[in-house]
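Here the structure is laid out as structure tokens; the discussion comes afterwards.
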Amino acid sequence: MENESIMQTQSLSQAQRNLQNHSQEQINLKVGEVVQYLLIKDQKKLPIKRADIVRNVVKEYKDIYPEIFRRAQIALQQVFGFQLEEIDTKSHIYILTNKLQRVQGDGMRVDENTSKLGLLMVILSLIFMKGNTAKESAVWEMLRRLRIEPAEKHSDFGDVKKLITEEFVKQKYLEYSKVLHTDPVEYEFRWGQRAFKETSKMQVLEFVSKIQQKDPKSWTTQYKDAQEQTQVAAR
């Protein structure tokens, strides 16, 4: 109830004044987490409560919640063509509606639908931003920040670890392999062949840059990598 009362009384202008209490990098990362959380929560097309967003993701950043929420809305609209609409102004309950054709992930299909697309795109983004390879431990850590526990059964995705290490792998969206000369054995993820066919590194970089409100060129290595892939595809 305390969080809810804060949200009710706080204005966007107050939140913008509070921005000075947090670094730009911290704010950008939190906006990204909110966007990813909303995409994943939307998988079953169930309404999303503001109180859940604050409790599960925003947490100690609740003093700037309106500004985080505003930036997340912009990112959702620009990247995915999603509009976040409030359907209950008293309880602050939202749904995501698809107003435009999605830019990021257009053409990607998981089980002939997009029910797991949000989760997959989050993982593909992490892999690319980490230099085209992500250790299994890094993927699990990122999911835990989104309140998805790989070792537990998830209400939307079921067995999360099986979905990622088996289903996405069989569908060729991901490659999952042992890291050589590790003891105990470690595993890592890379993009699979289908991911390369249905999206691109430049699209993923644009997705990340819009969420974090940074120029894609600010990631020098990733931008060069994405450009090279684009040039090869154009030949």
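Just so you know, residue 1 is the first one in the sequence shown, and it goes up from there. Both backbone and side-chain heavy atoms feed into the values below; hydrogens, waters and symmetry mates do not. Fair warning: this is a prediction, and the values are worked out from it, not measured in the lab.
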Which pair of non-hydrogen atoms, one from P47 and one from I93, has the smallest distance, and what is that distance?
CB-CG2, 3.3 Å
Looking at E141 and R144, does any basic side-chain N land under 4.0 Å from a carboxylate oxygen?
no
Please name all residues satisfying side-chain contact (heavy atoms from CB on, under 4.5 Å) with V122, sequence neighbours left out, ordered by chain then number.
Q36, M142, L146
Validation row: V204, M121 side chains within 4.5 angstrom (heavy atoms):
yes
Consider only side-chain N and O atoms of Q83 and T97, and report whether a donor and an acceptor are under 3.5 Å apart.
no
Do E85 and Y94 come within less than 4.5 Å of each other through their side chains, counting heavy atoms only?
no
With N56, which residues qualify under side-chain hydrogen bond (donor to acceptor under 3.5 Å, both in side chains), at least two apart?
Y37
Any donor and acceptor pair, going by atom type alone, linking the side chain of Q26 with main-chain N or O of S23 inside 3.5 Å?
yes
Counting only N and O atoms by type, is there a donor-acceptor contact under 3.5 Å from the side chain of E152 to the main-chain atoms of E149?
no
Yes or no on salt bridge (charged side-chain N to carboxylate O under 4.0 Å, His left out) for R70 and E67, after CA distance, side-chain angles and deciding distance?
CA-CA 5 Å; R70 183 188 72 83; E67 178 63 17; 2.8 Å; yes
When rounded to the nearest 0.5 Å, the distance separating CG of D63 from CD1 of I68 is 8.0 Å
Hey, are K30 and E33 close enough for a salt bridge, meaning a charged N less than 4.0 Å from a carboxylate O?
yes
Check whether any side-chain heavy atom of T165 sits under 4.5 Å from a side-chain heavy atom of Y187, and report yes or no.
no
Strictly by modelled atom types, are E188 and Y176 linked by a side-chain donor-acceptor pair under 3.5 Å?
no
Side chains of L119 and L143 in contact at under 4.5 Å (non-hydrogen atoms):
yes
Under 3.5 Å, side chain of Q222 to main-chain N/O of M129, donor-acceptor pair present?
yes
Any sub-3.5 Å donor-acceptor pair from R50's side-chain atoms to S91's backbone N or O?
no
Are F69 and L84 side-chain neighbours, meaning at least one heavy-atom pair lies under 4.5 Å?
yes
Residues in side-chain contact (heavy atoms from CB on, under 4.5 Å) contact with E166, at least two apart in sequence or another chain
K162
side-chain contact (heavy atoms from CB on, under 4.5 Å) partners for N132, two or more places apart:
F128, K201, D225
Going only through I, L, V, M, F, W and Y residues with side-chain contacts under 4.5 Å, is there a path from F207 to Y223?
yes
Any W191 side-chain heavy atom under 4.5 Å of L174 side chain
no
CG on D159 to CD on E167, rounded to 0.5 Å
10.0 Å
Does some side-chain heavy atom of R71 sit less than 4.5 Å from a side-chain heavy atom of N28?
yes
Could you see if L29 belongs to whatever hydrophobic cluster contains I123? Use Ile, Leu, Val, Met, Phe, Trp, Tyr and a side-chain cutoff under 4.5 Å.
no
Is it the case that the side chain of T182 and the backbone of V179 share a donor-acceptor pair, with hydrogens and angles ignored and the cut-off at 3.5 Å?
yes
Are T133 and F189 close enough that some pair of their side-chain heavy atoms sits under 4.5 Å apart?
no
Hey, could you give me the CD/CD distance between Q203 and E198, rounded to the nearest 0.5 Å?
11.0 Å
Using the rule given for side chain to side chain contact (heavy atoms under 4.5 Å, CB included), can you reason through E86 versus H92, listing the C-alpha separation, both sets of side-chain angles and the distance that settles it, and then say yes or no?
CA-CA 6 Å; E86 192 170 22; H92 302 291; 2.7 Å; yes
Test Y65 against every option in V57, I53, V34 by the side chain to side chain contact (heavy atoms under 4.5 Å, CB included) rule and name the one that passes.
I53
Same hydrophobic cluster for L96 and I87, using side-chain heavy-atom links shorter than 4.5 Å among ILVMFWY?
no
Taking the side chain from S209 and the backbone from L205, do they hold a donor-acceptor pair closer than 3.5 Å?
yes
Sequence neighbours excluded, which residues qualify as side-chain contact (heavy atoms from CB on, under 4.5 Å) partners of T230?
M202
Calculate, to the nearest 0.5 Å, the distance between atoms CG and CD belonging to L120 and Q171 respectively.
8.5 Å
I would like to know whether E186 and H181 meet side chain to side chain contact (heavy atoms under 4.5 Å, CB included); could you show each step before the answer?
CA-CA 9 Å; E186 294 182 16; H181 312 302; over 6 Å; no
Any carboxylate oxygen within less than 4.0 angstrom of a Lys/Arg side-chain nitrogen, looking at K62 and E60?
no
Which residues share a side-chain hydrogen bond (donor to acceptor under 3.5 Å, both in side chains) with T220, sequence neighbours left out:
none
